[in-house]
Amino acid sequence: MDTPRVRFAPSPTGYLHIGGARTALFNWLWARRNGGTFVLRIEDTDRERSTQAAVDAIFDGMRWLGLDWDEGPEVGGPHGPYFQTERLGIYAEQAEKLIREGKAYACYCTRETLDAQRKQAEAEKRQFRYPGTCRNLPYDPSRPHVIRFRVPETGSTTFVDLVKGPIETPHEVLQDEVILRGDGVPLYNFGAVVDDVTMRINLVARGDDHVNNTARQILMYEALGYPVPKFAHLPMILGADKARLSKRHGATSVTAYRDMGFLPEAVVNYLVRLGWSHGDQELFTREELVRYFDFKDVGATAGVFNPEKMAWVNHEWLKKLSDEELARRALPYFLAAGLPAADDAKLRHVCAVARERARTFGEYVQQFRYFYAPIQLDPKAKAKFLTADTKPILEAVRAGLAALETLETEAIEKLFHSEAEQRGLGLGKIAQPVRVALTGGTASPGMYDVVQILGKEETLRRLDDAIRLVG
RNA sequence: GGCCCGUUAGUCUAGCGGUUAGGACAUCGGCCUCUCACGCCGAGAGCAUGGGUUCAAGUCCCGUACGGGUCACCA
């Protein structure tokens with residue numbers, strides 16, 4: 001087999017979507033696995049909707065995921081330029097060639113007449129197809145026109161999709177579609193084919209919303225006289241209601257997941273497992289993915305995006321990191337939330353206790369903000385644990401801690417145990433009131449850790465606050 | 001509506017003619033325990049449906065239903 005040359009060709013009309021990211025990922029994996037080339041091309045021919053901000057967002061998202069491209073914008077390459085709007089000359093040239101060979105022709109129909117015909121067909125409940133009005137008219141470049149591709153009227157085109165198997169399309173369902181607009185800008189099917197041809201792409205892996213484009217594209221490859229690449233159509237990603245994943249299902253941009261505190265390795269791991277599998281294995285390092293990935297293991301069925309499972313995957317990845325690494329990567333999220341964290345021993349300790357308890361850095365910040373900000377006292381916790389009955393306990397613990405030279409775990413533990421024993425109570429009876437005093441709620445890491453993280457001064461202050469509150 | 005693709009538990013999936021249908025997320029129960037979590041143990045839950053083919057079908061073929069995609073001078 002040829003060394004693969006694959007590509008990801010997003011149109012810059014928005015952020016990098018989860019689905020697009022997965023398409024890019026599968027292409028990238030295939031290239032990396034086979035020592036091939038991964039090309040990035042920007043399909044910005046829809047000038048109405050394409051924006052520079054979107055281009056930047058796509059680069060940003062891909063870099064965050066670690067999907068580096070071998071050829072494309074910013075890195076260059078021998079088959080550039082890599083923005084379609086900079087390739088207009090190439091499309092014109094290829095279209096001219098097709099016209100000369102009678103494989104394409106100029107169509108002078110106006111939008112108005114076409115629209116009228118379409119409406120007419122609709123009224124008669126007919127399927128509208130371009131009637132071929134201009135099929136055999138002489139070429140007159142001086143008249144306003146678009147270029148249409150001449151599709152054979154009979155026969156069919158078949159290709160073997162790498163994930164779906166053989167797919168046959170009868171030519172009757174196709175029509176002479178526009179390949180070049182009046183202003184010389186190519187339409188999707190033509191632009192993509194010309195670019196894939198000139199960029200020497202030999203495997204096209206894309207969303208399966210493109211299966212119906214494939215036959216007409218193959219016809220164009222043949223008309224242009226170029227070899228037809230292999231195709232792999234990847235199943236769609238759905239929302240919980242089985243409709244195509246969209247904003248109304250929640251966050252769909254990869255950067256949104258970054259901002260929520262997901263690790264790129266976890267997002268990659270989750271995304272690749274949505275539609276691809278390798279036996280029973282759930283967690284994969286990037287190296288393993290590169291080693292194992294194959295289109296033959298991509299399933300043919302659309303999958304529902306499940307944020308819960310992605311959070312689980314993220315948690316698994318978080319748990320693998322050292323305290324140092326965890327702190328380093330969590331820091332920006334605390335800072336972004338306005339919490340005065342620093343890359344220090346305290347943060348490392350916070351991360352060490354957060355590790356088993358929170359699945360994303362967003363959850364870290366949300367659950368453990370009391371380590372960096374005043375507590376928010378839960379009224380129910382207060383009513384239950386900050387009472388006249390528990391006041392003596394708080395006072396005793398306060399006094400005990402105040403008397404400690406250093407906050408060694410053993411010393412704190414001894415204090416709590418002796419308070420429990422002296423009162424003939426379980427440890428929980430001591431720990432819960434203290435927990436509420438120090439964290440504001442009834443669920444938190446172990447008390448010894450909490451005390452150590454807060455430090456003696458802050459711990460005593462919070463206990464004093466609680467004691468005062470009880471009155 | 002035409003055409004195309006798909007259908008294993010709530011979800012992601014393994015399976016590739018003979019399995020007690022396996023794993024994971026989620027859910028529920030138990031153990032551990034200063035709370036929460038982690039961890040460990042356990043449970044419930046699945047081959048859309050009807051016909052074929054075959055000694056034998058989740059696996060092959062056809063129909064039906066359901067879901068998705070696509071029918072532009074969008075990509």
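Lettering of chains follows the sequences in order, A, B, ..., and the numbering in each one begins at 1. Everything quoted here is computed from the prediction, not taken from an experiment.
Remark: A/Lys346 qualifies as a cation-pi partner of A/Tyr372 under the 6.0 Å distance and 45° angle criteria applied to the six-membered ring. Judged by the 6.0 Å and 45° rule, A/Arg148 forms no cation-pi pair with A/Tyr105.
A/Pro10 comes within 4.0 angstrom of nothing in the nucleic acid, heavy atoms only. Residue A/Gly182 is in base contact, counting any heavy-atom pair closer than 4.0 Å across all strands shown. When heavy atoms are screened at a 4.0 angstrom cut-off, A/Val146 is found touching base atoms of the nucleic acid. In this structure, A/Gly275 reaches the sugar-phosphate backbone alone: every heavy-atom distance under 4.0 Å involves primed, P, OP1 or OP2 atoms, never a base. Within the nucleic acid shown, A/Asn213 comes within 4.0 Å of at least one base atom, counting heavy atoms only. Nucleic acid contact for A/Phe416: none, since no nucleic acid atom lies under 4.0 Å from a heavy atom of the residue. No contact: A/His233 has no heavy atom under 4.0 Å from any strand.
Base pairing annotation: B/U7 forms a Watson-Crick or G-U wobble pair with B/A65, both donor-acceptor distances under 3.5 Å. Pairing for B/C31 goes to B/G39, judged as Watson-Crick or G-U wobble with the two contacts each under 3.5 Å. B/A57 is unpaired under the Watson-Crick or G-U wobble criterion, no partner having all donor-acceptor distances under 3.5 Å. Of the nucleotides present, B/G1 is the one that pairs with B/C71 by Watson-Crick or G-U wobble criteria, both distances under 3.5 Å. Nucleotide B/U19 is matched to nothing when pairs are restricted to Watson-Crick or G-U wobble geometry with both distances under 3.5 angstrom.
A gap of 7 Å separates the C1' atoms of B/G17 and B/A56, to the nearest Å. Separation of the C1' atoms belonging to B/G44 and B/C28 is 8 Å when rounded to the nearest angstrom. Nucleotides B/C74 and B/G15 have their P atoms positioned 43 Å apart, rounded to a whole Å. Taking the P atom of each, B/C31 and B/G18 are spaced 42 Å apart, rounded to whole Å. Nucleotides B/C12 and B/G6 have their C1' atoms positioned 16 Å apart, rounded to a whole Å. For B/A26 and B/A9, the C1' atoms lie 11 Å apart once the distance is rounded to whole Å. Comparing the C1' positions of B/C32 and B/C40 gives a spacing of 8 Å, expressed to the nearest Å. Comparing B/G52 with B/A45, their C1' atoms are spaced 31 Å from each other, to the whole Å.
In this structure, A/Lys319 reaches the B/G39 phosphate: one of its side-chain N or O atoms is under 4.0 Å from OP1 or OP2. Between A/Arg129 and B/A72 there is no side-chain polar atom (N or O) within less than 4.0 angstrom of OP1 or OP2. Phosphate proximity of B/A72 to A/Arg118: present, with a side-chain N or O under 4.0 Å from OP1 or OP2. The phosphate of B/U11 has OP1 or OP2 within less than 4.0 Å of a side-chain N or O from A/Lys242. A close approach under 4.0 Å does occur between a side-chain nitrogen or oxygen of A/Thr45 and OP1 or OP2 of B/A75. Listed pair A/Arg181 / B/C74 meets the phosphate criterion, a side-chain N or O lying under 4.0 Å from OP1 or OP2. Neither OP1 nor OP2 of B/U35 sits under 4.0 Å from any side-chain N or O of A/Ser444.
Side-chain atoms of A/Ile167 lie closest to B/C4 of the nucleotides B/C4, B/U13, B/A75. Of the candidates B/A75, B/U35, B/U13, B/U35 carries the atom nearest the A/Arg357 side chain, counting heavy atoms from C-beta on. Nearest nucleotide to the A/Met447 side chain, out of B/U11, B/U70, B/C34: B/C34. Looking at the side chain of A/Glu316, the nearest of the listed nucleotides B/G39, B/U35, B/U13 is B/G39. Here the nucleotide nearest the side chain of A/Asp280, chosen from B/G23, B/G68, B/U7, is B/G23. The side chain of A/Glu308 sits closest to B/C25 out of B/G69, B/C5, B/C25. If you check B/C71, B/A26, B/C38 against the side chain of A/Gln175, the one that comes closest is B/C71.
Residue A/Gln127 contributes atom CD, which lies 5 Å from atom C1' of B/G2 at whole-angstrom precision. When the P atom of B/A75 is taken as reference, atom CG of A/Asp195 falls 12 Å away, rounded to whole Å. Distance CZ (A/Phe305) to P (B/A26): 15 Å, rounded to an integer number of Å. Rounded to whole Å, atom C1' of B/U11 lies 19 Å from atom CE of A/Met236. Taking atom CD on A/Gln366 and atom C1' on B/C36, their separation rounds to 14 Å, with Å as the unit. Rounded to whole angstrom, the span from the NZ atom of A/Lys414 across to the P atom of B/C34 amounts to 19 Å. Rounded to whole Å, the distance from CD1 on A/Ile393 to C1' on B/C34 is 12 Å. Atom-to-atom, NE2 of A/His417 to P of B/C34 comes out at 7 Å; the value is rounded to the nearest Å.
Within 3.5 Å, a donor on the side chain of A/Glu282 pairs with an acceptor on the base of B/G23, or the reverse.
Among A/Arg206, A/Arg7, A/Lys230, the single residue meeting the salt bridge (charged side-chain N to carboxylate O under 4.0 Å, His left out) criterion with A/Asp196 is A/Arg7. Checked against A/Asp176 for a salt bridge (charged side-chain N to carboxylate O under 4.0 Å, His left out), the options A/Arg216, A/Arg150, A/Arg135 give a single hit: A/Arg135.
Ion pairing between a basic and an acidic side chain is recognised when a charged N comes within 4.0 Å of a carboxylate O; A/Arg181 and A/Asp183 show such pairing. The existence of a salt bridge linking A/Arg359 and A/Glu308 is confirmed by a sub-4.0 Å separation between a basic side-chain nitrogen and an acidic carboxylate oxygen.
Nearer the 5' end of RNA chain B, as judged by each residue's closest nucleotide, is the contact made by A/Arg22, out of A/Lys309 and A/Arg22. Nearest-nucleotide mapping onto RNA chain B: of A/Arg47 and A/Thr442, the residue sitting toward the 5' end is A/Thr442.
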List the steps, then state whether side chain to side chain donor-acceptor pair (under 3.5 Å) holds for A/Asn314 with A/Thr360.
-> CA-CA 7 Å; A/Asn314 199 62; A/Thr360 64; 5.5 Å; no
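Between the A/Arg357 side chain and the A/Val353 main chain, a donor and an acceptor come within less than 3.5 Å of each other. A donor-acceptor pair under 3.5 Å is absent between the side-chain atoms of A/Asp208 and the main chain of A/His233, judged by distance alone.
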